[in-house]
Amino acid sequence: MRLTLGMVAETVRMNLMTNSEALLKAQDRASSGKRIRLPSDDVVGTGRALGLRSSIASIEQYTRNTDIARNRLSITCSALDSIVSAIRTVRSLAMTSANASITDEAKMAVAAQLDHVSSEIADLANTQCLGKYIFAGSLSDKTPIISNPAGQPPYIYQGNSNQLFIRVGPGISIPAGVTGDMVLNMGSIAVPSSPDIFETIRLLKEEVLAGDCKAISARIADIDALLDNAIAVRSKVGASLSRLEATNEALLNSKVTMSELLSKTEDADLAEAIVDLRTRENVYQAAIATAGRIMNLTLADFLK
């Protein structure tokens with residue numbers, strides 16, 4: 001095969017372009033720190049990276065859900081602690097009033113305290129988190145406890161019994177709180193043998209003012225049942241919060257692992273990238289020098 005000057009020049013040009021492209025890629029890899037910049041750089045690696053990014057995005061969403069649930073459960077725990085404390089106050093007042101020697105002034109003072117505690121529990125039941133009522137079930141935009149215009153029972157529950165769940169992992173949903181009817185025994189849903197906490201306090205107040213020690217002593221059994229129920233609900237919420245903490249830690253660990261895998265898939269080895277860049281620079285300089293020598297040949301050089 002006879003070689004012409006044009007064929008030699010074209011070969012030199014193609015080699016320069018090839019070396020130039022390789023140098024550009026090496027420079028990009030070393031400056032960006034990324035091994036994969038385009039899908040064509042590594043088709044298999046690109047698919048793996050997309051899958052890892054999708055997993056990391058899901059983990060981040062679950063983590064945000066976990067933060068929302070943790071905030072809501074923390075507020076719920078605080079409100080339940082106060083409700084339990086209030087019911088204990090009612091029990092203490094009942095114990096104090098179950099005494100035949102109690103004066104009329106003391107009875108009036110106890111009655112006033114009972115009214116205050118009843119109002120306090122209603123306020124606690126209307127606690128909000130991020131503008132939503134935490135004890136209203138799925139009707140979180142509606143005030144769960146309101147005064148009864150008819151007077152009896154003293155308060156009405158406007159929420160429902162639909163407990164909210166928040167998804168914090170693949171196939172994992174955690175209760176985001178409890179419903180007010182379970183906490184306060186509205187409609188006797190939690191303790192069928194006893195009235196709700198507000199009705200219990202109202203009846204206790206009447207018995208205190210009447211000086212009916214026998215009825216007061218019997219009422220303490222209802223108060224104890226309501227107290228046990230509130231404590232049990234508080235324990236369940238605490239267990240959910242503990243489980244949430246463990247789930248959040250697992251999510252953080254998963255994100256770290258996925259991020260490391262993504263880095264190994266996409267990122268370039270810096271030392272290797274720098275060595276490759278130096279090599280490509282040397283090859284490119286050699287190609288330029290060779291091209292310069294060949295392209296400077298004259299017709300006289302070929303006739304020698």
Side-chain angles (χ1 to χ4, degrees), residues 32-81 83 125-142 144 157 159-183 189-190 229-270:
S32 67
K34 294 294 183 181
R35 186 179 67 85
I36 300 176
R37 297 274 284 178
L38 298 171
S40 57
D41 294 336
D42 185 347
V43 176
V44 176
T46 299
R48 185 182 302 115
L50 289 174
L52 289 170
R53 287 186 182 280
S54 178
S55 297
I56 291 173
S58 296
I59 291 173
E60 289 175 345
Q61 181 60 59
Y62 289 140
T63 301
R64 287 191 290 271
N65 291 351
T66 299
D67 290 339
I68 293 173
R70 181 166 49 189
N71 185 38
R72 186 182 176 93
L73 287 176
S74 295
I75 293 175
T76 301
C77 280
S78 178
L80 287 173
D81 284 339
I83 289 174
N126 291 332
T127 299
Q128 297 183 60
C129 175
L130 300 176
K132 302 293 183 179
Y133 292 100
I134 61 176
F135 292 114
S138 61
L139 302 178
S140 55
D141 292 328
K142 181 176 291 187
Y157 180 63
N160 59 28
S161 300
N162 298 330
Q163 192 173 32
L164 294 179
F165 289 83
I166 293 182
R167 193 176 182 85
V168 296
I172 302 175
S173 295
I174 289 182
V178 292
T179 57
D181 54 349
M182 288 297 298
V183 177
I189 188 174
N229 174 66
I231 292 174
V233 172
R234 169 63 178 81
S235 297
K236 289 181 180 179
V237 173
S240 294
L241 190 57
S242 298
R243 183 186 175 193
L244 197 62
E245 295 291 347
T247 301
N248 185 62
E249 184 176 353
L251 287 172
L252 292 177
N253 291 336
S254 296
K255 183 178 179 181
V256 170
T257 301
M258 292 293 181
S259 297
E260 290 176 352
L261 290 174
L262 180 61
S263 177
K264 291 179 180 178
T265 301
E266 286 187 332
D267 295 347
D269 184 291
L270 187 57

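Note: hydrogens, waters and symmetry copies are ignored here, and every other heavy atom, side chains too, is used. Everything quoted here is computed from the prediction, not taken from an experiment.
M258 places a side-chain heavy atom less than 4.5 Å from the side chain of I59.
Salt-bridge formation is not detected for the pair R64/D67: no Lys NZ or Arg NE/NH1/NH2 atom is positioned less than 4.0 Å from an Asp or Glu carboxylate oxygen.
In this structure, the side chain of N229 engages the main chain of M182 through a donor-acceptor pair within 3.5 Å. No donor-acceptor pair under 3.5 Å is formed between the side chain of S140 and the backbone N or O of A136. A side-chain donor-acceptor contact under 3.5 Å links S240 to the backbone of K236. The backbone N or O of R167 lies less than 3.5 Å from a partner atom in the side chain of N65, making a donor-acceptor pair. Using modelled atom types, one side-chain atom of Q163 and one backbone atom of G177 make a donor-acceptor pair closer than 3.5 Å. Panel note: side chain S54, backbone L50; no donor-acceptor pair is recorded below 3.5 Å.
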Next item on the list: Applying side chain to side chain contact (heavy atoms under 4.5 Å, CB included), run through R243 and I174 and close with a yes or a no.
Entry: CA-CA 8 Å; R243 183 186 175 193; I174 289 182; 4.1 Å; yes
**OP:** Kindly determine whether T179 and Y157 satisfy side chain to side chain contact (heavy atoms under 4.5 Å, CB included), including the steps that lead there.
**Re:** CA-CA 10 Å; T179 57; Y157 180 63; 3.8 Å; yes
(Q) For K132 and D141: C-alpha separation, side-chain torsions, deciding distance, then whether side chain to side chain contact (heavy atoms under 4.5 Å, CB included) applies. (A) CA-CA 6 Å; K132 302 293 183 179; D141 292 328; 2.5 Å; yes
**Prompt:** Would Y133 and T127 count as a side chain to side chain contact (heavy atoms under 4.5 Å, CB included) if you check the C-alpha gap in whole Å, the side-chain angles of each, and the deciding distance to 0.1 Å?
**Reply:** CA-CA 6 Å; Y133 292 100; T127 299; over 6 Å; no
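Separating the CG atom in L261 from the CG atom in L52 is a distance of 5.5 Å, to the nearest 0.5 Å.
Smallest separation of non-hydrogen atoms from N160 and G137: OD1-CA, 3.4 Å.
Around atom CD of E249, no more than 12 heavy atoms belonging to other residues, nucleotides or ligands sit under 6.0 Å away.
Among T76, L73, N71, the single residue meeting the side-chain contact (heavy atoms from CB on, under 4.5 Å) criterion with C129 is N71.
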